[in-house]
There are 2 protein chains.
Amino acid sequence: MIPEKEITIYDIAKSLNISAATVSRGLKDHPGISKLTKKRIFDAAKDMGYRFNSLASNLRRQRTNTIGVIVPRLNSSFMSDAIAGMEQVANQAGYNLIISQSLETVKKEVENSLTMFNNRVDGLLVSLAYNTQDISHFEAFIKKGIPVIFFDRIFEHIKCPNIIIDNYQAGYEITKHLIAEGGRRIMHVSGNQSRNVYSERFRGYRDALEEFNLPFSDELLIVNNLTALEGIETAVQILSMEKKPEAVFVSNDTCAVACMLELKKQGIKIPEDISFAGFNNDPIAKVVEPNLTTINYHGEEMGELAANILIRHLTNNLEIGPAHTTVLGHELIVRQSSTKKII
Amino acid sequence: MIPEKEITIYDIAKSLNISAATVSRGLKDHPGISKLTKKRIFDAAKDMGYRFNSLASNLRRQRTNTIGVIVPRLNSSFMSDAIAGMEQVANQAGYNLIISQSLETVKKEVENSLTMFNNRVDGLLVSLAYNTQDISHFEAFIKKGIPVIFFDRIFEHIKCPNIIIDNYQAGYEITKHLIAEGGRRIMHVSGNQSRNVYSERFRGYRDALEEFNLPFSDELLIVNNLTALEGIETAVQILSMEKKPEAVFVSNDTCAVACMLELKKQGIKIPEDISFAGFNNDPIAKVVEPNLTTINYHGEEMGELAANILIRHLTNNLEIGPAHTTVLGHELIVRQSSTKKII
DNA sequence: ATGCGCTATGCAACCGATTGCAAAACTTGA
DNA sequence: TCAAGTTTTGCAATCGGTTGCATAGCGCAT
């Protein structure tokens, strides 16, 4: 089965006795081409089994209609929501998504950004790896005027718009809630403090404690990678504490749930002995018993918004002016894990 | 800030007084180019800030090093795992992933496949939408010799390799387990029967019933879209049944969990009154109380395998011979939702 | 007739890497 | 010194759509 030759606009041109330029314009619905000619072109294209060659078009136009996406992991509830949102918007606008994951390592993030650069994506949507400290690997894009937009795990840069939620405020609210429910000794389990999301939530937590004159000590803060495994370790650590906390605010749901379950297994009553709060509103938060108090966070919306902002830049060919931060709303969702009284 | 001119191999050639052909070969580490020349080329490329232009390369070579992925949804636990697996393998092998979702509609699936076709992906990895009945939209690929590989939700086609688990066997095992635990009247909640995964699981369920001489009646089968919402509806339906089932096998975990929770809310005891089993081993299965018996299903591995098979085809330029079905293993994971005795 | 203004189409030069074939440069042996 | 062999490099066509500019064709008014 020899794959038959590809039909080009030249073939169509020849068969209609017109020029390739006219065919090109006709297919693009250029106003300068007469109705009749257009119809003949479209008919011939269909007849002959023409397929548009975006490779050639890309080369000539120096654009790819492709958006690069770099995220820490694809398979987290939040990220897959965000990507689903991006895909919808991008698809609608005629863009493709090239997706890669850094697996939380700077090395892969750098490699991926280089691939994206060589593949000449028109723009980039990025959520940073756990310990990316500088973003020099994105400078090449910035220098060329290729928009780089950060979402969720961001880096402040004058040329990079970013989209976040108010992590400080969310951390503050949830801590305040735990205090209102009677917590005095409130622990916080957080991630790498060089990442905005975690340091901001921590800051909110600290400020809430301070506002209510509650003391903070290093013993109350655990920093890890917020995996389920580390949730269990955290539980062990809590069990070994002389003075146990009355409440725990964990910076993501996965870790919070694992920790809760382990504590339950060891006979701790939640929320009676220790109340819990997480972050993200993953599906498991609604399922664990008691249901987990958490911050709801619109992944899909964030993805859509990021894609929209990028595409707006691309279609209007905007200079990336002094960068713009978009703050999306979030909601404290109070569930049984943090309410001492039965609802 | 005027973006400075792109450096091409011609610029490098000029600066070194050699030909562009030599530069091209040098950069590709072609054996015919001397060590010294190569070094000079690489140095000059670095100095001048050259970046490889894959657009030009793609056009000339008629390849894109890009793999298209079409899935029903990006944000399901299984799919995001599968995609994560694909990304790793593809990335490793120097391929990019273009990802799109059909949102379970044939219309979008067709559109997306057309986009992929025009964008000249080198191959396609597909998991079909809920009610895709024919795959004529993939014929164009097949005719051109572009490999199309189905995974999980497949379609039998002589030219398309596919990767699945043994859904029949899994459905059979899980039903048999429910029977062994004392179930006689066992319901099954399934999805669209024209999709292999659901019809096969149903078939396994039927055969298990038959083997143990348990009667099947239409009342025992509910077909819906397996969403959480429909899980709740299913619970309502079960509550209204005169003769309630002793066990329920639901074809995914999301729906199973929603149904369980609703029944619990209405005072049904699980597994004492009704035992439950799901499918997929989503994170929620391990968290819901009682923990949900389910089939574990290696999404990431399936993604990796699909990508590997595709890439092997691409690098060896294999004819897609009589299609090859790869069956991945699965495991029945027994948890408390189906075990009458306390563990 | 002549000229003006429009519309519709064509010319030809891109975009930049790749590659078959030819040829130059260099080695080696007689 | 010359021929044959090997290594290294260059020529030029190619991939196929796009687009600035030129021009042909036509209607209409003077």
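Letters A, B, ... are given to chains in the order of the sequence lines, protein chains preceding strands, and every chain is numbered from 1. Nothing here was measured: the structure is a model prediction, and the numbers come from that model.
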Next item on the list: Assess whether one donor atom and one acceptor atom, taken from the side chain of B:Arg60 and the base of D:dT14, lie less than 3.5 Å apart.
Entry: yes

Checklist line | Among C:dG16, D:dG16, D:dT19, the nucleotide that comes nearest once only the side chain of B:Ala56 is considered | finding: C:dG16

Notebook entry, point to check: Closest nucleotide of DNA chain C for A:Ser19 versus for A:Tyr10: which of these residues is on the 5' side?
Noted result: A:Ser19

Check: Of the nucleotides D:dG17, C:dA17, C:dA8, which has the atom closest to the A:Ser34 side chain?
Finding: C:dA8

Item checked: B:Ile9 CD1 - D:dC11 C1' separation (whole Å) -> 13 Å

Check: Counting side-chain heavy atoms from C-beta on, which of C:dA17, D:dG17, D:dA12 comes nearest to B:Ala21?
Finding: D:dA12

Next item on the list: In whole angstrom, give the distance that lies between atom CD1 of B:Ile12 and atom P of D:dG10.
Entry: 14 Å

Item checked: Along DNA chain D (nearest heavy atom to each residue), the more 5'-positioned of A:Tyr50 and B:Thr37 -> B:Thr37

Next item on the list: Report the distance from atom CD of A:Gln62 to atom C1' of D:dG16, rounded to the nearest whole Å.
Entry: 15 Å

Next item on the list: Measure up the B:Phe138 and B:Phe150 rings against each other and bin them: parallel (under 30°), tilted (30 to 60°), perpendicular (over 60°).
Entry: perpendicular

Check: Given atom NZ of B:Lys38 and atom C1' of D:dT7, what is their separation to the nearest angstrom?
Finding: 12 Å

Next item on the list: Would you check if there is a donor-acceptor pair between the side chains of B:Asn75 and A:Ser80 at a distance under 3.5 Å?
Entry: no

Check: Think B:Arg195 forms a cation-pi with B:Tyr130, using NZ or CZ under 6.0 Å from the six-ring centre and within 45 degrees of its axis?
Finding: no

Check: Does D:dG16 have OP1 or OP2 sitting under 4.0 Å from an N or O in the side chain of A:Ser24?
Finding: no

Notebook entry, point to check: Would A:Phe42 and A:Tyr50 count as a close aromatic pair, with their ring centres under 6.0 Å?
Noted result: no

Item checked: N/O (side chain, A:Ser54) to phosphate O (OP1/OP2, D:dG17) under 4.0 Å -> no

Notebook entry, point to check: Tell me: CG of B:Leu59 to C1' of C:dT18, nearest whole Å?
Noted result: 10 Å

Checklist line | Atom-pair distance (CD1 on B:Ile18; P on D:dC11), nearest Å | finding: 11 Å

Note to self: Any donor-acceptor pair under 3.5 Å linking the side-chain atoms of B:Thr66 with those of B:Asn96?
What the structure shows: no

Next item on the list: Between B:Asn17 and B:Arg120, just flag the one whose closest nucleotide in DNA chain D comes earlier from the 5' side.
Entry: B:Asn17

Next item on the list: Please state how far atom NZ in B:Lys28 lies from atom C1' in C:dG16, giving the value in whole angstrom units.
Entry: 11 Å

Notebook entry, point to check: The side chain of A:Thr22 lies closest to which of these nucleotides: D:dG10, D:dG17, C:dT9?
Noted result: C:dT9

Item checked: hbond_proxy B:Arg25 side chain to C:dG20 base (donor-acceptor, 3.5 Å cutoff) -> yes

Check: Between D:dT9 atom P and B:Ile33 atom CD1, what is the distance in whole Å?
Finding: 5 Å

